[in-house]
Amino acid sequence: MKKGVLLVNLGSPDSPNPKDVKKYLGEFLMDERVIDIPYTARALLVRGIILKTRPKASAAAYKKIWWQEGSPLIVISKRLQDKIKNQVDIPVALAMRYGSMTIEKGLKELVEQGVKEVLLFPLYPQFAMATTETILVKAEDIRKMHFPNLKIESVPAFYNKSDYIEVLSKSIQRYLKGKPYEHLLFSYHGVPERHIRKSDISKSHCKINGSCCVTPSKAHEFCYRHQCLEVTRLVAEKLQLKEGSYSTSFQSRLGFDPWLQPYTDRTIERLGKEGIRNMAIVTPAFVSDCLETLEEIAMEGQEIFHEMGGNEFTTIPCLNDDDDFVNLLSKWISDWNKN
Ligand SMILES: C=CC1=C(C)c2cc3[nH]c(cc4nc(cc5[nH]c(cc1n2)c(C)c5CCC(=O)O)C(CCC(=O)O)=C4C)c(C)c3C=C
Ligand SMILES: [Fe+2]
Ligand SMILES: [Fe+2]
C-alpha cells in the first residue's frame, strides 16, 4: 500500500488585514476544543464579543511580524516540508488546522498521488485538546466523509523522546553560546486549567497546582501540563542547568478563566524586579516561530524586561527548519514507512 505523510500545524490568517484575521479567528475560536463551552454560549462570546474587537488588535500584531513571503508560521512550515521531502521516499503534504491550507486539501493531495495509508503528523511536541486532539478529530471526520478507504495513523506527542530532547537541547545550547544569561525561562503556550481536567483519562489525577503532574500516572499521556514540565526537566538535565537558574511559565492567555500558571509576562516582570539583568527564553510548545514567539515574546516580553531594568533578553528561535530537527522528523517518517 502506498504511504504518505501529512504534516499539520495550527495555521495563520491569509493576510495581516483585519478582515482576514477576523475570518481566521472566527474559525479558530469556534472550535469546541479551543473554546470548550456549549455552542450557543461560544457563538455569543466569539461572534458577539471577541470578534468585535480582537481582529483589529491581532491584525496590528500580525503586521509587525509578517514577512514578504507571508505568515512566518506558514513560510517556516513550508520550508520544513520541503527539507523533509528531500530526505524521505514518500509524498509529504502540509496542512493547517485553521485557514486556507485545510486538512481536506492536504489529504486530497496525497490521495491524488495514489496514497492509501497516511501518517498524520501534528507538529506539536505536547498533547493538548486545542492542538493535537482537534487535528485528529478533524482528520477523522474528513476521512469518513471524503476518503472512507484511506488508512490514517497518527504520531503521538513526542515531548519525552530522547532524540527530540537532544535536538532541542543542542539548539538551545547553540543559541546561548557566549550569552551571559542568568536565567533561562521555558515559556509554553497556556491553556485553561479546565482543558487539563477534561483531558485527564483517570478523571481524578490532575489537580493542577499539586504535585500530580510530576507523580507517575497514566493521565500523563494526555496531560499538557505534565508534558511541558517534563520537557523543561529533561532539557535541564541534559544541559546540566543549575537549580534556580531556569523555570517554566505559560503565555498567551485569553479571557477570564484560570489558565495554567505562572504566567510568562508576570514571570518576566518578577525576574526583572528580582535583579536578573540578562535572561534567555525558549518556547518549546511551538515548533515554528509565529505571532506568539515573534511578537508576544520577542517584542512584548523584551519590553517588559527592559521596563524592569533588564539588559540582555535573548529569544531562542523555535526548531523551525533546523537541520537536526529535519533529520529527526525524516528518520521517524522513514522508520514508519519501513514498518
Ligand atoms: C482559548 C483560546 C486558545 C487556546 C486554548 C490556545 C491553545 C494553543 N495555541 C497554540 C499555538 C498557537 N496559538 C496561536 C495564536 C493564537 N492562539 C489563540 C487562542 C488560543 N490558543 C489566539 C486567539 C491566537 C491568535 C492570535 C491572537 O489573537 O492572539 C499561534 C500563532 C498563529 C500564527 O498565525 O502565528 C500558535 C502557534 C498552542 C500550542 C496551544 C495549546 C497548547
Ligand atoms: Fe493559541
Ligand atoms: Fe497532570
Side-chain angles (χ1 to χ4, degrees), residues 9-10 64-65 67 71-73 75-77 79-80 83 123-126 158-190 227-252 262-272 276-306 308 310-329:
N9 208 340
L10 183 105
K64 289 197 246 169
I65 59 119
W67 291 347
S71 146
L73 180 138
V75 174
I76 290 166
S77 303
R79 288 181 192 157
L80 177 70
K83 286 193 177 180
L123 292 171
Y124 299 105
Q126 302 86 13
F158 49 89
Y159 69 101
N160 59 353
K161 293 240 181 232
S162 57
D163 38 11
Y164 161 70
I165 294 295
E166 189 156 341
V167 167
L168 178 62
S169 304
K170 208 172 134 189
S171 159
I172 295 172
Q173 200 166 40
R174 191 167 60 244
Y175 282 102
L176 288 183
K177 207 169 174 197
K179 295 273 182 189
Y181 77 97
E182 297 147 68
H183 194 93
L184 172 61
L185 184 61
F186 291 75
S187 173
Y188 300 84
H189 197 301
Q227 299 187 4
C228 295
L229 297 178
E230 197 59 3
V231 169
T232 301
R233 188 185 73 78
L234 292 168
V235 171
E237 192 177 87
K238 184 116 227 147
L239 295 179
Q240 298 182 323
L241 301 179
K242 283 201 201 84
E243 201 58 45
S245 71
Y246 65 93
S247 57
T248 296
S249 62
F250 298 91
Q251 62 180 87
S252 321
Y263 299 136
T264 296
D265 49 0
R266 295 196 192 151
T267 305
I268 295 172
E269 200 176 309
R270 180 181 57 77
L271 290 169
I276 296 290
R277 287 295 157 263
N278 304 304
M279 68 171 287
I281 188 158
V282 63
T283 47
F286 308 90
V287 302
S288 324
D289 274 304
C290 59
L291 185 70
E292 313 301 85
T293 61
L294 300 171
E295 200 270 340
E296 187 180 351
I297 298 298
M299 293 178 187
E300 283 183 23
Q302 167 150 259
E303 203 177 307
I304 296 172
F305 190 57
H306 287 161
M308 294 299 125
N311 296 327
E312 190 100 7
F313 185 85
T314 305
T315 45
I316 298 167
C318 295
L319 289 173
N320 294 332
D321 63 340
D322 172 282
D323 285 342
D324 291 332
F325 188 50
V326 171
N327 292 341
L328 179 63
L329 301 196

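Keep in mind that the numbers below use all heavy atoms, side chains included, and drop hydrogens, waters and symmetry copies.
- Below 30°, between 30° and 60°, or above 60°: for Phe186 and Tyr246 the angle between ring planes is above 60°, a perpendicular geometry.
- Residues Ser169 and Leu239 share a closest heavy-atom pair of O-CD2, 3.6 Å.
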As a quick check of understanding, evaluate side chain to side chain contact (heavy atoms under 4.5 Å, CB included) for Val326 and Leu80, giving each step before the final call. CA-CA 7 Å; Val326 171; Leu80 177 70; 3.9 Å; yes
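- Among residues two or more places apart in sequence or in another chain, the side chain to side chain donor-acceptor pair (under 3.5 Å) test is passed with Lys238 by none.
- Of the charged side-chain nitrogens involved, at least one lies within less than 4.0 Å of a carboxylate oxygen, so that Arg233 and Glu230 count as a salt-bridged pair.
- Heavy atoms from other residues, nucleotides or ligands lying under 6.0 Å from NZ of Lys64 number more than 12.
- The neighbour count for Lys83 NZ, taken as heavy atoms of other residues, nucleotides or ligands under 6.0 Å away, is above 12.
- The minimum heavy-atom distance between Arg277 and Glu182, with the atom names listed, is N-OE2, 3.2 Å.
- Here the shortest heavy-atom pairing between Cys290 and Leu73 reads CB-CD1, 3.7 Å.
- Distance CZ/Phe305 to CD/Glu269: 12.0 Å, rounded to 0.5 Å.
- One distance of note links CG of Leu10 with CG of Leu291; it measures 10.5 Å at 0.5 Å rounding.
- The line from CD1 of Ile65 to CD of Glu292 is 9.0 Å long, rounded to the nearest 0.5 Å.
- Listed by chain and residue number, nothing satisfies the side chain to side chain donor-acceptor pair (under 3.5 Å) test with Glu166 (two or more places apart in sequence, or in another chain).
- For the atom pair CG (Leu294) and CD (Glu296), the distance works out to 11.0 Å, reported to the nearest 0.5 Å.
- Between atom OH of residue Tyr159 and atom OG1 of residue Thr232 there is a gap of 13.0 Å, rounded to the nearest 0.5 Å.
- Aromatic ring centres of His189 and Phe286: separated by under 6.0 Å.
- Listed here is the closest heavy atom pair of Pro125 and Val287: CD-CG1, 3.8 Å.
- Annotation: side chain of Tyr164 is not in contact with side chain of Leu234 (no heavy-atom distance under 4.5 Å).
- Within the 4.5 Å cutoff, the side chain of Asn327 has no heavy atoms near those of the Val167 side chain.
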Determine whether Ile268 and Ile281 satisfy the following criterion, side chain to side chain contact (heavy atoms under 4.5 Å, CB included), listing intermediate values before the conclusion. CA-CA 10 Å; Ile268 295 172; Ile281 188 158; 4.2 Å; yes
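- Put simply, the side chain of Asn278 never gets that close to the backbone of Asn311: no donor and acceptor are under 3.5 Å apart.
- Once rounded to the nearest 0.5 Å, the distance linking CG of Leu185 with CD1 of Ile276 reads 11.0 Å.
- Two residues are said to be in side-chain contact when any heavy atoms from C-beta on lie closer than 4.5 Å; Tyr181 and Leu176 meet this criterion.
- Annotation: side chain of Cys318 is not in contact with side chain of Phe325 (no heavy-atom distance under 4.5 Å).
- Listed here is the closest heavy atom pair of Thr264 and Ile297: CG2-CD1, 3.9 Å.
- When atom types are taken as modelled, the side chain of Tyr188 and the backbone of Cys228 share a donor-acceptor pair closer than 3.5 angstrom.
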Going through the distances and angles, do Val235 and Val282 end up as a side chain to side chain contact (heavy atoms under 4.5 Å, CB included)? CA-CA 11 Å; Val235 171; Val282 63; over 6 Å; no
Full working for side chain to side chain contact (heavy atoms under 4.5 Å, CB included) between Leu328 and Asp324: CA-CA 6 Å; Leu328 179 63; Asp324 291 332; over 6 Å; no
When you look at Asn9 and Ser77, which way does the side-chain hydrogen bond (donor to acceptor under 3.5 Å, both in side chains) test go after all the steps? CA-CA 7 Å; Asn9 208 340; Ser77 303; 3.1 Å; yes
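- Between Ile316 and Thr283, the closest heavy-atom pair is O-OG1, 4.4 Å.
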